[in-house]
Amino acid sequence: MIGEKSQILNKIHSQFVNKAPHILGLTLQYIPFNVKKQTIEQLLKLQFEHSLQDGDLDFLENRWLKIQVTDLELVWFVSLIDNKLVVSREEIADVSFIGNANDLIMIATRRQDPDSLFFQRRLIVEGDTELGLYVKNLMDSIELEVMPKFLRLTLEKLADIIESAPTN
């Protein structure tokens with residue numbers, strides 16, 4: 001009986017981890033892009049304040065990075081314009097990073113290596129290879145400890161849930 005309950009809970013947990021991003025994506029479709037844009041720009045500003053001051057993001061000057069989270073059906077473009085990270089709905093991408101929410105969370109929390117996911121074809125990088133390497137190196141250089149606390153704790157909790165899901 002206990003083993004049976006455990007199997008049922010494991011199945012529910014696994015289904016939640018696999019289906020929650022898609023359900024969240026359906027909800028996010030009803031949020032106006034300007035609200036998403038302001039949220040993303042604020043998070044980027046908080047995360048990369050020192051990098052901007054140090055010139056670490058100059059490689060992105062007037063070039064567009066496309067971020068696509070497939071299961072959330074989210075797409076946005078980021079560029080550095082006048083030393084400010086700017087988010088746009090539609091641009092011509094110089095480089096694109098495409099993946100699902102769970103994999104991107106695992107990359108952000110250092111629980112998965114972007115190179116491994118790239119070679120497993122779970123992270124797709126298209127476009128300017130040199131710019132893609134700059135972006136990847138920037139991702140690798142982000143220290144979790146300097147991430148805004150609310151963002152770090154949220155991502156870490158989500159990564160715990162993802163990581164603990166039984167594989168089918």
Side-chain angles (χ1 to χ4, degrees), residues 1-48 51 65-78 85 87-90 93 95-127 129 132-168:
M1 184 70 165
I2 292 175
E4 210 173 292
K5 284 183 182 178
S6 179
Q7 284 181 331
I8 291 170
L9 289 175
N10 283 343
K11 188 169 186 161
I12 291 169
H13 183 177
S14 181
Q15 290 290 323
F16 173 77
V17 168
N18 291 327
K19 304 232 187 253
H22 177 70
I23 294 166
L24 178 60
L26 293 173
T27 305
L28 289 173
Q29 290 179 11
Y30 294 100
I31 297 174
F33 182 78
N34 281 341
V35 173
K36 291 184 243 184
K37 172 185 165 129
Q38 288 175 346
T39 303
I40 294 166
E41 284 181 345
Q42 284 300 312
L43 288 172
L44 290 172
K45 183 179 177 183
L46 285 170
Q47 178 60 48
F48 294 111
S51 297
L65 163 64
K66 175 184 177 183
I67 307 287
Q68 182 174 353
V69 187
T70 54
D71 50 355
L72 293 180
E73 297 185 33
L74 280 178
V75 177
W76 69 91
F77 297 78
V78 179
L85 287 170
V87 173
S88 178
R89 176 194 303 250
E90 188 66 38
V95 69
S96 300
F97 277 68
I98 304 164
N100 72 42
N102 290 344
D103 286 341
L104 295 174
I105 289 168
M106 298 305 279
I107 290 170
T109 56
R110 298 278 195 276
R111 311 236 185 139
Q112 280 282 344
D113 176 47
D115 291 330
S116 297
L117 294 178
F118 175 79
F119 288 114
Q120 294 171 25
R121 299 182 191 268
R122 291 169 47 194
L123 175 65
I124 299 167
V125 181
E126 298 175 334
T129 306
L133 282 173
Y134 277 119
V135 172
K136 183 205 156 308
N137 290 337
L138 176 68
M139 288 176 2
D140 287 342
S141 73
I142 295 172
E143 297 176 26
L144 289 176
E145 301 77 38
V146 297
M147 190 177 282
K149 188 174 182 180
F150 74 93
L151 180 59
R152 177 177 42 91
L153 293 176
T154 301
L155 289 173
E156 286 178 342
K157 189 62 178 166
L158 289 170
D160 289 343
I161 292 167
I162 294 165
E163 214 169 39
S164 65
T167 55
N168 293 337

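Just so it is clear, the values below take in all heavy atoms, side chains as well, and ignore hydrogens, waters and symmetry mates. None of the values given here were measured: they were computed from a predicted structure.
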Roughly how far apart are [X] [atom1] and [Y] [atom2], rounded to 0.5 Å?
| X | Y | atom1 | atom2 | result |
| --- | --- | --- | --- | --- |
| Glu156 | Leu151 | CD | CG | 9.5 Å |
| Phe150 | Leu43 | CZ | CG | 5.0 Å |
| Ile23 | Leu72 | CD1 | CG | 11.5 Å |
| Gln120 | Asp115 | CD | CG | 11.0 Å |
| Thr109 | Leu104 | OG1 | CG | 10.5 Å |
| Trp76 | Thr39 | CH2 | OG1 | 11.0 Å |

Please test Leu144 against Met147 for side chain to side chain contact (heavy atoms under 4.5 Å, CB included), starting from the C-alpha separation and ending with a verdict. CA-CA 5 Å; Leu144 289 176; Met147 190 177 282; 3.9 Å; yes
State, to 0.1 Å, how close [X] and [Y] come at their nearest heavy-atom pair, and which atoms those are.
| X | Y | answer |
| --- | --- | --- |
| Arg89 | Phe33 | NH2-CB, 2.9 Å |
| Gly132 | Val95 | CA-CG2, 3.7 Å |
| Leu155 | Ala108 | CD1-CB, 4.1 Å |
| Gln47 | Pro148 | OE1-CD, 3.2 Å |

Student check: side-chain heavy atoms of Glu163 and Met106 closer than 4.5 Å: yes
Do Glu90 and Val75 make a side-chain contact, defined as non-hydrogen atoms from C-beta onward lying under 4.5 Å apart? no
Residues two or more places apart in sequence or in another chain: which of them pass ring pair (Phe, Tyr, Trp, His ring centres under 6.0 Å) with Tyr134? Phe59
Between Lys136 and Asp113, does any side-chain N to carboxylate O distance fall below 4.0 Å? no
Determine which pairs satisfy side-chain hydrogen bond (donor to acceptor under 3.5 Å, both in side chains) with at least one residue from residues 23-34, sequence neighbours left out, and list them in order. Gln29-Glu73
Salt bridge (charged side-chain N to carboxylate O under 4.0 Å, His left out) pairs, two or more places apart, involving residues 14-39: Lys37-Glu41
Given Ile107, Val69, Leu65, the one that forms side chain to side chain contact (heavy atoms under 4.5 Å, CB included) with Phe97: Leu65
Return yes if some donor-acceptor pair links the side-chain N/O of Asp71 with the main-chain N/O of Asn100 below 3.5 Å, else return no. no
